[in-house]
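Okay, so here's the structure we're looking at.
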Protein chains: 2
Amino acid sequence: MRTLGYAVLSLLSREDLSGYDLKRWMERPLGYFWSAKHSQIYPELARLEDEGFVTHRVVEQQGKPDKKVFAITAEGREALKAWVTEPPVGRAPRDELILKAYSMWLAEPGAAAVLFEEQGRLHEEQLRHYKATEAWMEENWGGSPEKMDFDDFASYAALRRGIGYERDYAEWCRWVAAGLKERLSG
Amino acid sequence: MRTLGYAVLSLLSREDLSGYDLKRWMERPLGYFWSAKHSQIYPELARLEDEGFVTHRVVEQQGKPDKKVFAITAEGREALKAWVTEPPVGRAPRDELILKAYSMWLAEPGAAAVLFEEQGRLHEEQLRHYKATEAWMEENWGGSPEKMDFDDFASYAALRRGIGYERDYAEWCRWVAAGLKERLSG
DNA sequence: TGTACCATGTAATTGGTTACATGATTAC
DNA sequence: GTAATCATGTAACCAATTACATGGTACA
């Protein structure tokens, strides 16, 4: 099975959704660590249905087009459950900015510093976004992770990874920019 | 141009290399943030040569097959330099383990804890590996980043990102595993 | 009148992995 | 002998992005 299939099942295991809804969930919150365009989601849903992991019903709406609402089946839930505790396949991380850092010695230090400051700001912005979500989560669910429902804890854990990632990334960008600036003046 | 093309040029800007050598450099150090199989590297080199960014000469060896050693051209270096300070195209990070974390509420907490402890160990191992390289770098080049040559600083910066990433990832794995264990006993 | 949102799909292309293919040398 | 390393390529397949395609409603 494709990882995208499990990503779709992950969302459907919490809530019934249309292809359009899935596309939006893959932009915001889950999309921060797995995303897909609608052109990939619609065929994936058809495939999951062929395989018996999801079913759909057509929901008529007023003032809006009809939609297909998908629901996970018992088989889908079983497949997802089995996948969760399997070790992930080690895929190579691909980060273009680190590649640029590796070759930055070819560039003007000033121009490179601008890039890293700019990228640092983007990661800080994303961090603020995550932290706002974290605050909302802590307010709404128990405050401490132990008191949360298990599914809420799972969402919270994923978010925590995002926070750590962005915080550390932003800090690295600032560190690189500072190092570049020293090469400019001193 | 393809990012892989720039990854290849990044390496060739420091040293002339054969396709085989490039494959190995894409496994270890640069491969930690950009990697490729040899089946992707050989066609890429042919394409870069078509485009005028690299040239090659055949080097005869004793006891080993002949090899094609590639060198970056002035045009290649220019293209690489221009690319370095361009903002990277925002590609979605894909992390299967975070996706699993998001769905871990479906699994047995014990089985999930085993997964996250295991993954934490892998990231700690990678971190130790990076730190050994860092120690080697600091010993060989000036000790402080300001005293390094610019190209060494660039390598060091890329490594620093790897260290931050692995440290933070390992810590997150331990935190998730601890949270899961609390759900087991308490 | 134009833009954004809702809603769903297909087609073409690119990027990447796995598998197929060959052949010599060195070390165990 | 047999596995590992050196060395280079092609072919088939899968995953993902971009582009093509349609059409109604709400709102400014």
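Convention: sequence-line order gives letters A, B, ...; per-chain numbering from 1.
Between the side chains of B:Thr73 and B:Thr55, no donor-acceptor pair of N or O atoms lies under 3.5 Å. Between the side chains of B:Asp152 and B:Ser155, no donor-acceptor pair of N or O atoms lies under 3.5 Å. Inspection of the B:Tyr156 and B:Glu138 side chains reveals an N or O donor paired with an N or O acceptor under 3.5 Å.
An angle of 30°, rounded to 10°, separates the two end axes of the helix from C:dT1-D:dA28 to C:dC28-D:dG1, each defined over five pairs.
Near DNA chain C, defined here as any heavy-atom distance below 4.0 Å, there are no residues from residues 1-17 of chain A. Listed in residue order, the members of residues 33-42 of chain B having a heavy atom less than 4.0 Å from DNA chain D are B:His38, B:Ser39, B:Tyr42. A heavy atom lying under 4.0 Å from DNA chain C marks the following residues of residues 54-71 of chain A, by number: A:Gln61, A:Lys64, A:Pro65, A:Asp66, A:Lys67, A:Lys68.
As rounded to whole Å, 12 Å separates atom C1' of C:dG9 from atom CG of A:Leu45. For the pair A:Glu96 CD and C:dG15 P, the computed distance is 12 Å after rounding to whole Å. Whole-Å rounding puts the A:Arg47 CZ to C:dT10 P distance at 14 Å. Across the protein-nucleic acid pair, B:Leu22 atom CG and D:dC6 atom P stand 14 Å apart, rounded to whole Å. In this structure, A:Lys23 atom NZ and C:dA4 atom P are separated by 13 Å, rounded to whole Å.
Not one side-chain nitrogen or oxygen of B:Arg24 sits closer than 4.0 Å to the OP1 or OP2 atom of D:dT5. OP1 or OP2 of D:dA15 has not a single side-chain nitrogen or oxygen of A:Arg94 nearer than 4.0 Å. For the OP1/OP2 pair of D:dC6 and a distance below 4.0 Å, the side-chain nitrogens and oxygens of B:Tyr20 include at least one atom meeting the criterion.
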Do B:Glu117 and B:Lys181 pass the salt bridge (Lys or Arg N to Asp or Glu O under 4.0 Å) test, and can you show the C-alpha distance, the side-chain angles, and the key distance before you say yes or no? CA-CA 11 Å; B:Glu117 271 168 359; B:Lys181 277 181 174 171; 2.4 Å; yes
Working for ring-ring contact (aromatic ring centres under 6.0 Å, His included), residues A:Trp175 and B:Phe153: CA-CA 12 Å; A:Trp175 177 84; B:Phe153 173 67; 5.7 Å; yes
Please test A:Lys131 against A:Glu124 for salt bridge (Lys or Arg N to Asp or Glu O under 4.0 Å), starting from the C-alpha separation and ending with a verdict. CA-CA 10 Å; A:Lys131 285 207 151 187; A:Glu124 273 160 24; over 6 Å; no
Checking A:Ile41 against A:Glu44 for the side chain to side chain contact (heavy atoms under 4.5 Å, CB included) test, could you report, in this order, the C-alpha distance in whole Å, the side-chain angles of both residues, the deciding distance, and whether it holds? CA-CA 5 Å; A:Ile41 292 169; A:Glu44 183 61 43; 5.5 Å; no
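Among residues at least two apart or in separate chains, salt bridge (charged side-chain N to carboxylate O under 4.0 Å, His left out) pairs with a member in residues 68-86 of chain A are A:Lys81-B:Glu108. Listed by first and then second residue, the ring-ring contact (aromatic ring centres under 6.0 Å, His included) pairs involving residues 45-83 of chain A are A:Tyr6-A:Trp83, A:His56-A:Phe70 (not counting sequence neighbours).
Using a 4.5 Å heavy-atom cutoff, the side chains of A:Asp95 and B:Arg91 are not in contact. The side-chain heavy atoms of A:Phe116 and A:Leu180, taken from C-beta on, include a pair separated by under 4.5 Å.
Ring-plane geometry between B:His123 and B:Tyr169 is classed as parallel, the angle between the planes falling under 30 degrees on a 0 to 90 degree scale with a further cut at 60.
Rounded to the nearest 0.5 angstrom, A:Arg161 CZ and A:Tyr32 OH are separated by 16.0 Å.
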